Amino acid sequence: MLMPKKVKYRKWHRGKTRGMATSKTRLSFGTYGLKAMSEKWVTSRQIEAARRAMTRFIQRGGKVWIRIFPDKPMTIKGSEIRMGGGKGPVDHYVVVVKPGMVLFEIDGVDKEIAREAMTLASHKLPVRSQFIQKYTA
């Protein structure tokens, strides 16, 4: 699973997930991509499940790029713990996904295979997403 080697602060504030994405809004590597249409936290497990679904469908043909990386630590307190006692330990890492952000890119396969692979990947993610392709004139 994806996780950072080190972080500046061990525990972060939760923050807000408002607004549109300002970076990672265009295809940079592949011909086809999966673009987020809603905001949500995406965990490293969900990213890995989507990657597996895509690579299994394309049967190791083509290349897949993951454009998001989970670097925000999420903490969880144990169940049946009384109030107080501070913040819980870091449990997993998430990435803040905003509308307009490109999540995955794919190249080296035809359009229908890429579309189906991205559809399978989108079923594993908690965000609404859209299949996009690079404009060729």
Side-chain angles (χ1 to χ4, degrees):
M1 280 191 304
L2 296 170
M3 69 185 306
K5 288 190 180 87
K6 66 179 193 176
V7 289
K8 187 171 183 181
Y9 299 107
R10 196 164 53 101
K11 297 174 182 176
W12 290 11
H13 292 292
R14 293 172 72 88
K16 305 280 190 234
T17 56
R18 292 189 294 240
M20 298 291 288
T22 55
S23 63
K24 302 177 190 171
T25 57
R26 296 212 171 115
L27 292 174
S28 298
F29 305 104
T31 311
Y32 308 105
L34 191 68
K35 189 176 195 175
M37 304 312 284
S38 63
E39 69 275 337
K40 206 68 154 183
W41 287 337
V42 179
T43 67
S44 55
R45 288 174 182 265
Q46 291 164 342
I47 296 168
E48 178 63 16
R51 185 198 64 80
R52 280 185 173 181
M54 276 193 302
T55 52
R56 282 192 180 145
F57 184 78
I58 60 174
Q59 296 173 349
R60 294 183 310 195
K63 182 156 175 53
V64 174
W65 288 270
I66 304 171
R67 295 286 306 275
I68 53 177
F69 185 80
D71 59 348
K72 182 183 179 93
M74 285 290 116
T75 61
I76 293 204
K77 290 189 75 156
S79 60
E80 301 181 10
I81 299 266
R82 292 184 180 178
M83 298 292 282
K87 197 165 180 161
V90 173
D91 183 60
H92 60 279
Y93 289 86
V94 299
V95 59
V96 178
V97 172
K98 294 185 176 184
M101 190 178 284
V102 175
L103 308 174
F104 296 99
E105 293 186 28
I106 194 169
D107 201 3
V109 294
D110 63 320
K111 184 178 179 180
E112 292 309 313
I113 291 176
R115 182 184 293 276
E116 185 60 32
M118 292 294 182
T119 303
L120 290 171
S122 68
H123 291 313
K124 307 289 182 188
L125 299 172
V127 293
R128 286 188 293 117
S129 53
Q130 179 182 25
F131 178 78
I132 57 170
Q133 69 181 32
K134 194 172 271 189
Y135 176 73
T136 54

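Residue indices begin at 1 and follow the sequence shown. Note that the coordinates shown come from a computational prediction; the quantities given were computed from them, not determined experimentally.
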Under 4.5 Å between side-chain heavy atoms, counting indirect links through other Ile/Leu/Val/Met/Phe/Trp/Tyr residues: same cluster for [X] and [Y] or not?
X   : Y   : answer
M74 : V42 : no
Y93 : F69 : no
V97 : V94 : no
M3  : V90 : yes

Assess the residue pair V127 and M37 against the criterion (side chain to side chain contact (heavy atoms under 4.5 Å, CB included)); give the C-alpha distance rounded to whole Å, side-chain angles, the decisive distance to 0.1 Å, and a yes or no. CA-CA 7 Å; V127 293; M37 304 312 284; over 6 Å; no

When rounded to the nearest 0.5 angstrom, what distance separates [atom1] in [X] from [atom2] in [Y]?
X    : Y    : atom1 : atom2 : answer
L27  : K134 : CG    : NZ    : 6.0 Å
I68  : S44  : CD1   : OG    : 10.5 Å
M118 : L125 : CE    : CG    : 10.5 Å
Y135 : R26  : OH    : CZ    : 13.5 Å
K35  : S122 : NZ    : OG    : 15.5 Å
D110 : I58  : CG    : CD1   : 11.0 Å

Between [Y] and [X], is there a side-chain heavy-atom distance shorter than 4.5 Å?
X    : Y    : answer
P99  : E39  : yes
Y32  : R115 : no
W41  : T17  : yes
Q133 : K111 : yes

Set out, in order, the CA-CA distance, both residues' side-chain angles and the distance that settles side chain to side chain contact (heavy atoms under 4.5 Å, CB included) for V95 and L2, then state yes or no. CA-CA 10 Å; V95 59; L2 296 170; over 6 Å; no

Contact summary for [X] and [Y], nearest pair of heavy atoms:
X    : Y    : answer
K124 : A53  : CE-CB, 4.3 Å
Q46  : T43  : OE1-N, 2.9 Å
G30  : D107 : CA-CB, 3.8 Å
M54  : A121 : CG-CB, 3.6 Å

Check the pair F57 / I113 against side chain to side chain contact (heavy atoms under 4.5 Å, CB included), numbers first and verdict last. CA-CA 8 Å; F57 184 78; I113 291 176; 3.9 Å; yes

Side chain to side chain donor-acceptor pair (under 3.5 Å) with E105: which residues, sequence neighbours excluded?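 E105 satisfies side chain to side chain donor-acceptor pair (under 3.5 Å) with R67 once adjacent residues are dropped.
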
Over 12 non-hydrogen atoms of neighbours within 6.0 angstrom of [atom1] in [X]:
X   : atom1 : answer
K72 : NZ    : yes
K8  : NZ    : no
K24 : NZ    : yes

Reference residue V102; test side-chain contact (heavy atoms from CB on, under 4.5 Å); the match among L34, I132, T25: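 Of the listed residues L34, I132, T25, the side-chain contact (heavy atoms from CB on, under 4.5 Å) partner of V102 is I132.
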
Look at R51 together with E48 and state whether they make a salt bridge at an N to O cut-off of under 4.0 Å.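 Yes, this pair counts.
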
The test is side chain to side chain contact (heavy atoms under 4.5 Å, CB included); show your working for I66 and F104 and say whether it passes. CA-CA 5 Å; I66 304 171; F104 296 99; 3.8 Å; yes

